[in-house]
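Worksheet: the structure to be examined is printed underneath.
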Amino acid sequence: MSGRDSELEEAEPASGFSDLSDSEFLQIEEPEDGDSEKPSCSHNRHLEPVEKALETAKRKRAQTPLETFRLLYLCITDVSAQVWCEQQMVYKRERPDLLPLENTVQLNTGKSIHLARELEYHDLVSVCTTSREDSWAIKLLNLLAMIPVLQAGRRVREFPVFGVLEGVFVVGVIDQLGYTAKGELELSELKTRHEAFLPSAAQKKRDRFQVFLYKCIFDAMVQGHLTWDIFIQHLHLRPEQVLGPQVQEQARNAGFTASCFQDLLELAFLNLTLLDIPVIDRLQIEYIHQGTNAPLGTEVLAYDDDAVRATVRDFLAYWKGQRDPKGVDVEDAWKCRYCAYASVCDWRLGRAGSPTVKSRPKKSR
DNA sequence: ATTGCTGAATGG
């Protein structure tokens, strides 16, 4: 019977709290009856030894990566980084002290090109925030400000997106959204390159997945799948938290009145769902050269929802502690050449010790 | 939740 599996899958996304996942683990644990100590309490439902067992089970239980890294949410780029090398992505969190400095120049160049493009569309305003709710409110305000611009047929840049993938809250920023001449809603992701040629297949693959995730989450937002309580529950925010004066002022400037966090949440939800914003029809990645701004090529992507969701499921299984992190396959071992963690990498060591080569290529359609 | 909780993305 595999019915129990699907039950778990159904139950999980709804729960944002750790006590629920604790009870889940208790079901998996062997039921221990070590009632040697207090037989007098046997009439009680809450037996002391059971309590003890629960405590030790809690302590012994391996934390999920989300718990160990104290993460309430993931960034889209965290997930797409798993395409390149999941193990490397994990090391970046575990060993930030070993973070490489080699390509910071390229990264910063990319950053400033992106910023320059953003400034062509709107000014940046710095707003003082006094609570966590305030800082999330800013993201919602950005979203609320961009919707009318988009609906007026103009382009927007840095569009915030939120959603839930496999029960995990994810956050991202869409580079650019706009309508094509044919009236299709188009997502355009800009990638700048130090080298004056298109990236390798491996990099393109990662970039594509990033864009696929944006579509997945954006579509769910405009289809009304992201309700306000999801926000509150996953991020542990207080709906009644009064917004800071500067945040309230920004809301007024944008034409909204919101005094508490939930006001903004509801406004965002209503604006997203009631304005007939379409799902994204067209996905493209534009590669340009950092030195000359010369276009290197544009990729138009075909979105395969089933394939994206299958990969998402596999990637998030790591975060939820359902499997160990994976390094690159043998044929991608060249990536280790660029990796700051190559010398300490367990995956590499493990592979050198025991040559357990996977004989199943992923392309088994 | 014991008191608590991160700009995302930048490129190879």
Side-chain angles (χ1 to χ4, degrees), chain A residues 16-22 55 58 66-81 83-85 88-89 92-93 96 99-118 124-129 131-143 157-163 168-176 189-207 209-211 213-214 217 231-238 241 285 287-291 296 328 332 334-342:
Chain A
F17 295 106
S18 47
D19 55 332
L20 284 173
S21 53
D22 282 345
E55 278 308 305
K58 262 189 184 173
L66 283 173
E67 287 165 343
T68 22
F69 298 125
R70 311 268 159 94
L71 298 173
L72 295 183
Y73 66 89
L74 292 175
C75 302
I76 293 298
T77 45
D78 288 328
V79 184
S80 64
V83 176
W84 181 264
C85 177
Q88 184 197 52
M89 183 276 299
K92 279 184 180 168
R93 289 204 178 267
L99 270 179
L101 296 169
E102 287 86 21
N103 51 13
T104 43
V105 175
Q106 286 96 313
L107 285 173
N108 287 332
T109 308
K111 250 186 205 174
S112 52
I113 293 174
H114 276 262
L115 180 61
R117 284 229 181 176
E118 183 182 1
L124 294 181
V125 184
S126 51
V127 179
C128 290
T129 58
S131 65
R132 292 180 59 236
E133 285 77 6
D134 272 357
S135 31
W136 286 97
I138 299 293
K139 298 186 217 290
L140 293 174
L141 278 174
N142 283 331
L143 178 71
R157 287 194 60 86
E158 309 286 308
F159 188 97
V161 284
F162 317 98
V168 179
F169 199 82
V170 290
V171 176
V173 177
I174 294 179
D175 221 7
Q176 180 174 301
E189 169 74 25
L190 176 74
K191 294 287 181 207
T192 71
R193 289 183 46 76
H194 180 66
E195 308 283 4
F197 45 81
L198 282 171
S200 68
Q203 284 164 73
K204 282 184 180 171
K205 190 178 170 191
R206 192 266 317 268
D207 296 344
F209 191 67
Q210 181 186 351
V211 169
L213 289 176
Y214 289 141
I217 291 167
F231 239 93
I232 298 292
Q233 295 202 349
H234 281 84
L235 302 176
H236 303 175
L237 297 167
R238 297 157 295 187
Q241 173 66 41
I285 303 175
Y287 292 98
I288 67 166
H289 183 222
Q290 288 187 347
L296 302 174
V328 294
D332 284 334
W334 57 269
K335 288 176 183 173
C336 305
R337 201 156 48 89
Y338 302 97
C339 181
Y341 307 95

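Any value given below was found using the heavy atoms of this structure, including those in side chains, with hydrogens, waters and symmetry copies removed. Residue numbers start from 1 in every chain, and the chains themselves are labelled A, B, ... in the order their sequence lines are given, proteins ahead of strands.
Nearest nucleotide to the A/Arg132 side chain, out of B/dA8, B/dC5, B/dG12: B/dC5. Among the nucleotides B/dT10, B/dA8, B/dA9, the one closest to the side chain of A/Lys191 is B/dT10. Out of B/dT10, B/dA9, B/dG11, the shortest distance to the side chain of A/Lys92 is found at B/dG11. For A/Asp175, the side-chain atoms get nearest to B/dT10 when compared with the rest of B/dT10, B/dG12, B/dA8.
For A/Arg206 against B/dG11, a side-chain-to-base donor-acceptor contact under 3.5 Å is absent.
Contact annotation for A/Gln88: base contact, defined as any heavy-atom pair under 4.0 Å involving a base atom. At a threshold of 4.0 angstrom between heavy atoms, the contacts of A/Tyr214 are confined to the sugar-phosphate backbone, with no base atom among them. Note on A/Ile76: only backbone sugar-phosphate atoms sit closer than 4.0 angstrom, heavy atoms only; bases stay farther off. Residue contacts shown for A/Leu190 are limited to sugar-phosphate atoms, with no base heavy atom under 4.0 Å away. A/Glu158 comes within 4.0 angstrom of no nucleic acid atom, judged by non-hydrogen atoms across all strands.
Of the residues near DNA chain B, A/Ile174 and A/Ser135, the one whose nearest nucleotide (by heavy atom distance) lies more toward the 5' end is A/Ser135. Looking at which nucleotide of DNA chain B each of A/Leu72 and A/Gln203 is closest to, the 5′-most match is held by A/Leu72.
Using a 4.5 Å heavy-atom cutoff, the side chains of A/Thr192 and A/His289 are not in contact. Counting only heavy atoms from C-beta outward, the side chains of A/Val168 and A/Tyr73 never approach each other to under 4.5 Å.
On the C1' atoms, B/dC5 is 10 Å away from B/dA1, given to the nearest whole Å.
Distances shorter than 4.0 Å separate some side-chain N or O of A/Thr192 from OP1 or OP2 on B/dG11. Look at A/Arg193 and you'll find a side-chain N or O under 4.0 angstrom from OP1 or OP2 of B/dG12. For B/dG12, neither phosphate oxygen OP1 nor OP2 lies less than 4.0 angstrom from any side-chain nitrogen or oxygen of A/Lys335. For B/dA8, the OP1/OP2 oxygens have a side-chain nitrogen or oxygen of A/Tyr73 closer than 4.0 Å. The shortest distance between the side-chain N/O atoms of A/Lys139 and the OP1/OP2 oxygens of B/dA8 is below 4.0 Å. Put simply, A/Gln233 has no side-chain N or O that comes within less than 4.0 Å of OP1 or OP2 on B/dC5.
Remark: P of B/dA1 and CZ of A/Arg70 are 13 Å apart, rounded to the nearest angstrom. Between the NE2 atom of A/His234 and the P atom of B/dA1 there is a distance of 14 Å, given to the nearest Å. To the nearest angstrom, P of B/dG12 lies 14 Å from CD of A/Gln210. The CD-P distance, from A/Glu189 to B/dA9, rounds to 8 Å in whole Å. As a whole-Å value, the separation of A/Asp78 CG from B/dG7 P is 12 Å. To the nearest angstrom, C1' of B/dG7 lies 14 Å from CG of A/Leu71. Computed from coordinates, the A/Asp207 CG to B/dT10 C1' distance equals 11 Å when rounded to whole Å. What separates NZ of A/Lys204 from P of B/dG11 is a distance of 15 Å, to the nearest Å.
Side-chain rings of A/Trp84 and A/Phe209 stay apart, their centers remaining 6.0 Å or farther from each other. Aromatic rings from A/Phe231 and A/Phe169 are positioned such that their centres are separated by under 6.0 Å.
The CG atom of A/Leu190 lies 8.0 Å from the CD atom of A/Gln176; values are rounded to the nearest 0.5 Å. The NZ atom of A/Lys191 sits 12.0 Å away from atom CD1 of A/Ile288, with the distance rounded to the nearest 0.5 Å.
Salt-bridge formation is detected for the pair A/Arg93/A/Asp78: a Lys NZ or Arg NE/NH1/NH2 atom is positioned less than 4.0 Å from an Asp or Glu carboxylate oxygen.
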